[in-house]
Peer 1: 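First the structure, which I've put down as structure tokens, then a few questions once you've had a look.
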Amino acid sequence: MGKTRVVVTGLGASTPLGGDVASTWDALLAGKSGSRTLPWDDLDRLPVQFAAQAAVEPADSGVLAKPRMRRMDRCQQFALIAAIEAMKDAGYAHGDTEGLTVDPDRLGVVVSSGIGGLHSALNSYDVFREKGWNRVSPFTVPMLMPNGSAAYVGLEFNATAGIHALVSACSSSAEAIGYGIDMIRAGRADVVIAGGTEACIHPLQMASFGAMRAMSTRNEAPELASRPYDKARDGFVLGEGSAVLILESEEHARARGAKIYAIASGVGYSADGHDMVQPPEDGRGAAKAMQRCLADSGLEPDQIVHINAHGTSTPQGDVAELQGIKKAFGDHAYRLSITATKSMTGHLLGGAGALESLITVLSLREGVIPATVNLENLDDQVDLDIISGEPRKLPEGPAAALNNSFGFGGHNVTLAFERAL
Amino acid sequence: MAEVTTQTILDGLGEIVEEIVGIPAADVTPEKNFIDDLDIDSLSMVEIAVAAQDKFGVEIPDDELKNLRTVQDVVNYVQNLAAKA
């Protein structure tokens with residue numbers, strides 16, 4: 001018996017480009033950058049003074065009431081907003097809205113965060129130091145725990161099949177989607193709310209990544225700072241927000257006549273075994289993740305037409321990934337249409353894999369791949385087909401695409417999606 | 001300490017409850033039981049007590065908190081402390 005096929009039936013997002021999926025997608029096709037100078041005092045104490053903040057503040061989303069927001073970290077707020085949009089999009093009832101219900105015991109949640117409730121942890125520590133222990137919010141622990149987002153989403157939809165929050169730095173939410181696929185294949189759920197969230201644009205995090213020299217320091221032109229594959233790239237741009245996919249067994253989705261965005265064909269995991277923060281130059285860990293993803297999906301390399309690259313805009317990482325693509329695909333690597341949408345969204349860390357999966361799914365469904373922006377002078381080491389300038393149309397008919405996500409610690413995750421025909 | 005009227009405490013408590021758990025201040029009437037009538041959980045009660053301490057300038061030890069079951073209980077408690085102050 002073959003594996004249960006898993007499909008994507010709903011999408012939700014709150015990103016630096018828009019408060020929902022539609023506005024995010026429009027901005028991606030328009031080539032907009034979400035990177036801006038931070039509206040903070042004392043910016044000059046930081047080496048990096050910009051980031052890709054969410055386009056819509058959670059309080060302005062109209063989704064969450066203020067009392068609920070008080071007990072949720074910012075990353076949890078984004079996760080819940082995206083999950084509610086995704087479940088509604090999939091046709092499931094939420095609150096007073098009309099729609100189908102899903103058996104709670106067949107509904108799972110896998111929502112990850114690379115960091116978790118950083119704002120809450122630090123704010124609570126300030127309260128503790130200034131006012132004492134009994135003024136610290138009793139909700140501090142749920143707000144800072146990295147599984148808090150998954151838990152809140154699970155509570156929102158009464159999901160009792162299982163709630164999980166895999167943590168693997170910047171590949172966390174790709175891993176979440178992989179795990180969601182596995183839950184459905186293993187028969188433990190019919191529907192899984194899968195995705196990721198992050199909200200750590202905080203002075204400490206800006207200082208920490210700054211100390212690491214990992215971020216672009218193009219303070220004079222933030223919108224040009226994220227420029228994967230460009231000769232002048234100098235690091236990533238920190239972003240925040242959330243993206244959520246509704247994964248569903250094909251049988252369950254077809255039985256209810258659901259809209260099917262794409263097939264979630266499979267996942268490949270690997271570890272570099274090399275260094276805490278740097279990939280090996282030859283991208284061998286990335287290659288293994290892609291190869292394992294193809295094997296898991298049952299896809300041949302030449303069926304893949306497009307890769308949404310991890311492409312963060314760091315000098316070493318971008319090139320290593322392309323080396324990995326060549327290792328995994330051989331000559332076919334030169335026929336792949338590759339893009340790095342972090343050039344517009346910034347890097348959502350634990351939310352990145354889910355956001356780029358969402359973009360990959362939309363690229364297949366809409367037949368158009370957003371371009372990598374700010375690519376003015378291609379790095380001499382890059383000889384693959386990077387989409388720049390204008391979005392690229394995909395031919396009609398069968399098409400499959402990969403989304404790569406890598407994380408500190410040497411985590412590599414590749415997800416495969418196929419166009420639903 | 002300035003005189004604290006029942007209405008002042010009720011109004012203040014209503015604001016706190018509305019802010020913390022979203023129940024309209026108008027629903028925070030003396031006979032209401034926090035858990036049974038207003039559906040407020042134990043951690044939210046801690047938040048409400050802390051906010052009430054700040055607002056009314058009184059201390060509510062944990063041992064006392066569990067005895068404050070209704071809105072009227074809190075009004076009485078705050079008034080008693082204010083009278084002693």
Side-chain angles (χ1 to χ4, degrees), chain A residues 57-74 76-77 80-81 84 94-97 116-117 119-158 163, chain B residues 9-29 32-71 73-74 77-78 80-82 84-85:
Chain A
E57 280 297 303
D60 299 331
S61 68
V63 177
L64 300 177
K66 201 175 152 201
R68 297 189 67 196
M69 291 183 58
R70 290 184 75 254
R71 58 181 59 180
M72 300 174 80
D73 185 80
R74 188 171 171 84
Q76 299 167 347
Q77 296 166 2
L80 199 46
I81 289 167
I84 288 170
H94 176 258
D96 298 333
T97 68
H119 278 96
S120 299
L122 295 170
N123 292 347
S124 290
Y125 189 45
D126 286 344
V127 170
F128 167 65
R129 284 186 303 184
E130 288 162 19
K131 297 180 178 171
W133 75 269
N134 59 357
R135 292 297 185 274
V136 171
S137 166
F139 290 93
T140 299
V141 173
M143 285 197 286
L144 64 84
M145 62 193 197
N147 60 317
S149 296
Y152 273 121
V153 170
L155 287 169
E156 184 74 14
F157 293 98
N158 190 26
I163 296 176
Chain B
I9 300 168
L10 273 177
D11 290 347
L13 209 49
E15 282 172 28
I16 289 169
V17 170
E18 182 163 333
E19 166 87 13
I20 289 176
V21 290
I23 294 166
D27 291 354
V28 184
T29 48
K32 293 280 172 67
N33 181 298
F34 288 105
I35 295 166
D36 298 336
D37 300 324
L38 298 175
D39 200 22
I40 293 171
D41 60 38
S42 60
L43 288 185
S44 300
M45 267 313 291
V46 173
E47 278 194 291
I48 289 167
V50 166
Q53 292 180 63
D54 287 344
K55 194 168 202 103
F56 303 121
V58 298
E59 283 298 319
I60 307 178
D62 286 356
D63 285 350
E64 294 291 342
L65 184 57
K66 63 179 187 294
N67 299 325
L68 305 180
R69 297 201 175 88
T70 67
V71 174
D73 290 342
V74 176
Y77 186 84
V78 173
N80 281 340
L81 283 185
K84 287 178 197 158

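So you know, we letter chains A, B, ... as the sequences are listed, proteins then strands, and number each from 1. Computed from a predicted structure; not experimentally measured.
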Peer 1: Residue by residue, which of residues 58-74 of chain A have a heavy atom closer than 4.5 Å to a heavy atom belonging to chain B?
Peer 2: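 Hits under 4.5 Å: A/Lys66, A/Pro67, A/Arg70, A/Arg71.
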Peer 1: For residues B/Val50 and A/Asn134, report the shortest heavy-atom separation together with the two atoms involved.
Peer 2: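 Scanning both residues, the minimum pair turns out to be CG2-O, 3.3 Å.
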Peer 1: Which of residues 36-46 of chain B get closer than 4.5 angstrom to chain A, counting heavy atoms alone?
Peer 2: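 Residues of residues 36-46 of chain B touching chain A at under 4.5 Å: B/Asp41, B/Leu43, B/Ser44, B/Val46.
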